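Below: the structure, in structure tokens.
The shown structure was predicted, so the numbers you read here are calculated from the model rather than taken from an experiment.
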Amino acid sequence: QVQLVESGGGLVQAGGSLRLSCAASGRTFSRYVVGWFRQATGKEREFVAAISGLSWNIFYADSVKGRFTISRDNAKNTVYLQMSSLKPEDTAVYFCAADLGTWDPQRRSFMSRHFYGYWGQGTQVSVSA
């Protein structure tokens with residue numbers, strides 16, 4: 001069992017930066033793949049980035065590649081999403097998710113919200129023009 005709590009959201013001007021945190025409970029956090037997703041009003045939840053348990057594998061959606069960085073500190077049971085050069089279209093509720101599933105670079109199942117069994121409540125990110 002893992003419980004996830006996101007923090008770090010807020011209002012920022014376009015071009016600005018924010019760092020989101022996803023704090024997890026549990027003693028085996030390093031075994032979990034963790035993903036970040038976002039959901040804008042009226043839209044489907046979409047994949048943003050994912051990181052494997054020991055940070056050996058990282059993957060980004062094309063829309064955030066080069067602007068966002070995912071990382072984790074397993075000693076602190078925390079995964080981060082550093083967001084830079086933010087755009088108004090980045091406005092959404094951001095969720096972190098975790099699962100013990102296998103990192104599959106061919107199928108990229110970690111990009112699907114159905115891969116993850118544990119979800120946080122989300123944190124709002126708003127980017128003004």
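- Minimum heavy-atom separation, A129 to A14: CA-CB, 4.4 Å.
- Of all heavy-atom pairs between S17 and Q82, the closest is CB-NE2, 4.0 Å.
- Judged by a 6.0 Å distance limit and a 45° cone about the ring axis, R45 is positioned over the six-membered ring of W119.
- Close placement of the F59 and F110 rings is indicated, their centers lying within 6.0 Å of each other.
- The only member of Y94, F47, F115 that meets ring pair (Phe, Tyr, Trp, His ring centres under 6.0 Å) when paired with F37 is F47.
- Inter-residue side-chain proximity for V79 and C96 is flagged as unmet; no heavy-atom pair is nearer than 4.5 Å.
- Residues M83 and L20 have side chains in contact (heavy-atom distance under 4.5 Å, counting atoms from C-beta outward).
- Criterion: ILVMFWY side-chain heavy atoms under 4.5 Å apart, direct or through other members. Under it, V33 and I51 are not part of a common hydrophobic cluster.
- A salt bridge between K87 and D90 is absent, with no side-chain N of the basic residue lying under 4.0 Å from a carboxylate O of the acidic one.
- L4 and L100 end up in the same hydrophobic cluster when Ile, Leu, Val, Met, Phe, Trp and Tyr side chains are linked at under 4.5 Å.
- Residues Y60 and V48 form no side-chain contact, since every pair of their non-hydrogen atoms from C-beta on lies 4.5 Å or further apart.
- No single ILVMFWY cluster, assembled from side-chain heavy atoms under 4.5 Å apart, contains both V64 and F95.
- Remark: the Q124 side chain and the S126 side chain contain an N/O donor-acceptor pair separated by less than 3.5 Å.
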